[in-house]
Amino acid sequence: MRINKFLADNGVASRRHADAMIAAGRVKINGRTAVLGEDVGEDDEVLVDDRPLEKTEKKAEYYLMNKPKGVICTVSDDRGRKTVMGLLPEGTGRVFPVGRLDYATEGLLILTNDGELSYRLTNPKNEIPKTYLAKIEGTMTEKDLNAIRSGVELDGILTKKCRAHIVETNKAYTKVHITITEGGNRQVRRMFEAIGRNVLFLKRIRIGDLTISGLDRGQVRALTEEEIEYLKKL
Ligand code: URA
């Protein structure tokens, strides 16, 4: 196997970044500096920065993205649309989005290669609270939100109780903060559609207490150790 693929498969770096590491002389095979395009086999000893590589160990990586609209939440798209992967910094390992935000929805998205955390955060049994800012067409009252709070029927199933309150309302639109613990396809949009309302704009602003404040649209940063620990306990 080519050394750059080997390093990528072991979660060290993307192939391109692995090539840069090889070119910089940071990679050794059997005690000698590796060269670009070289092959490695099962029995070869590979060192990166003079440290051995656990062949099965993948370095866990965790990112927080402020997803813009018009970008799809998959690793690749057969229709050639822009994916969230294209917004990740050079050298990012093989991470994947945790859950989905639909094409037109913006906001907080976690990307990681930690399958356990991803499973935890997306398993509906864990009822992880996710908060959205929804801009709804027309005026609304708090009373109008009661149906949303107590549950609306989507595909014959009642949505779970949720929190929702108005942050601004006028003739043209109403801004609502809504916190749901489910993650159905286009769930927030469909909940408002179920009460005859049109969602003009939708942005996820929190998962638990984790927010995207400080991140502009399209920006990405690594999660801090504290944030990772927090998410693992959520
Ligand atoms: N609800 C939606 O309607 N869309 C999303 O992307 C997430 C929640």
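Computed from a prediction, not measured in an experiment: that's the story for all the values here. Basis for what follows: all heavy atoms, side chains included, without hydrogens, waters or symmetry-related copies.
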Would you call I166 and M140 a side-chain contact if the rule is heavy atoms closer than 4.5 Å? yes

Any donor-acceptor N or O pair under 3.5 Å, side chains R163, T131: no

Any ion pair linking R190 and E153 (charged N to carboxylate O, less than 4.0 Å)? no

Mind listing the closest non-hydrogen atom pair of M191 and I178 along with its distance? CE-CD1, 4.2 Å

Please determine whether residues V48 and F6 belong to a single hydrophobic cluster, defined as Ile, Leu, Val, Met, Phe, Trp and Tyr linked transitively by side-chain heavy-atom distances below 4.5 Å. yes

Residue list, side-chain contact (heavy atoms from CB on, under 4.5 Å) with D114, at least two apart or on another chain: Y62, T112, E116, L117, K232

Please answer whether the main-chain N or O of L215 pairs with a side-chain N or O of N66 as donor and acceptor at a distance below 3.5 Å. yes

Look up atom CD in E127 and atom NZ in K130, then write down how far apart they are to the nearest 0.5 Å. 9.5 Å

Backbone N/O of E61 and side chain of N113: donor-acceptor pair under 3.5 Å: yes

Heavy atoms of I180 and C162 approach each other most closely as CG2-CB, 4.1 Å

Compute both the distance and the angle, then confirm whether R81 meets the cation-pi test with Y103: under 6.0 Å from the six-membered ring centre, within 45 degrees of the axis. yes

Whether the side chain of D49 engages the backbone of R51 through a donor-acceptor N/O pair (distance < 3.5 Å, no angle test) should be reported. no

Cluster overlap I207 with V98, hydrophobic side-chain contacts below 4.5 Å: yes

For the residue pair I128 and T181, establish whether any side-chain heavy-atom pair is separated by less than 4.5 Å. no

A quick test of your reading: do over 12 heavy atoms of other residues, nucleotides or ligands sit less than 6.0 Å from NZ of K160? yes

Assess the residue pair Y63 and V95 against the criterion (side-chain contact (heavy atoms from CB on, under 4.5 Å)); give the C-alpha distance rounded to whole Å, side-chain angles, the decisive distance to 0.1 Å, and a yes or no. CA-CA 9 Å; Y63 296 95; V95 295; 4.1 Å; yes

Look at E182 together with K161 and state whether they make a salt bridge at an N to O cut-off of under 4.0 Å. no

Quick one: closest heavy-atom pair of I3 and G37, and the distance? CG2-N, 4.4 Å

Rounded distance [0.5 Å steps], CD1 in I148 versus NE2 in H165: 14.5 Å

Check: K203 side chain, L108 main-chain N or O, donor-acceptor pair, under 3.5 Å: no

How long is the gap from OG on S118 to CG on L231, to the nearest 0.5 Å? 11.5 Å

Considering all heavy atoms of both residues, which atom of G99 and which atom of L109 are nearest to each other, and what is their separation? O-CD1, 4.2 Å

Considering only heavy atoms from C-beta outward, does the side chain of L210 approach that of L223 to under 4.5 Å? yes

Donor-acceptor check, side chain of N30 to backbone of E45, threshold 3.5 angstrom: yes or no? yes

Kindly determine whether L7 and M21 satisfy side-chain contact (heavy atoms from CB on, under 4.5 Å), including the steps that lead there. CA-CA 10 Å; L7 293 172; M21 292 168 82; 5.5 Å; no

Taking C-beta and beyond as the side chain, do T159 and Q187 meet within less than 4.5 Å on heavy atoms? yes

Evaluate side-chain contact (heavy atoms from CB on, under 4.5 Å) for I72 paired with R79, printing each intermediate quantity in order. CA-CA 11 Å; I72 191 165; R79 285 159 57 189; over 6 Å; no

Here the gap from R221 atom CZ to M65 atom CE, rounded to the nearest 0.5 Å, amounts to 12.5 Å

Spell out, as yes or no, whether a donor-acceptor pair under 3.5 Å connects the side chain of E227 to the backbone of T224. yes

According to a 4.5 Å side-chain heavy-atom criterion applied to Ile, Leu, Val, Met, Phe, Trp and Tyr, with indirect links allowed, do V220 and I212 form part of one hydrophobic cluster? no

Please round to the nearest 0.5 Å and tell me the distance separating atom CG of N4 and atom CG of L36. 8.0 Å

R217 bridged to E106 by N-O distance under 4.0 Å: yes

Polar side-chain atom of T105 near backbone of L101 as donor-acceptor pair, under 3.5 Å: no

Got K175 and T169 here, is their nearest side-chain heavy-atom distance under 4.5 Å? no

Check: K28 main-chain N/O paired with T33 side-chain donor or acceptor under 3.5 Å: no

Taking V199 as the starting point, is it possible to reach V152 by hopping between hydrophobic residues whose side chains are less than 4.5 Å apart? yes

Quick check: closest heavy atoms across G138 and T174, and the distance to 0.1 Å? O-OG1, 2.7 Å

Using a cut-off of 6.0 Å, state whether more than 12 heavy atoms not belonging to R100 lie near its atom CZ. no

Do the non-hydrogen side-chain atoms of H177 and L133 ever get within less than 4.5 Å of each other? yes

Under 4.5 Å between side-chain heavy atoms, hopping through other hydrophobics if needed: is there a path connecting V167 to I205? yes

Can you tell me if D77 and T74 form a side-chain donor-acceptor pair at under 3.5 Å? no

Report yes or no: does K82 contribute a side-chain atom to a donor-acceptor pair with the main-chain N or O of G86 at less than 3.5 Å? no

Step by step, would you call D144 with T139 a side-chain contact (heavy atoms from CB on, under 4.5 Å)? CA-CA 10 Å; D144 293 331; T139 310; over 6 Å; no

Minimum heavy-atom distance I195-A147, with the two atoms named: CG2-CB, 3.9 Å

Sub-4.5 Å side-chain heavy-atom contact between L202 and K135: no

Charged N-O contact under 4.0 Å between R26 and D50: no

Going by heavy atoms in the side chains, are V75 and T83 under 4.5 Å from each other? no

With rounding to the nearest 0.5 Å, note down the distance linking CZ in R197 to CG in L145. 9.0 Å

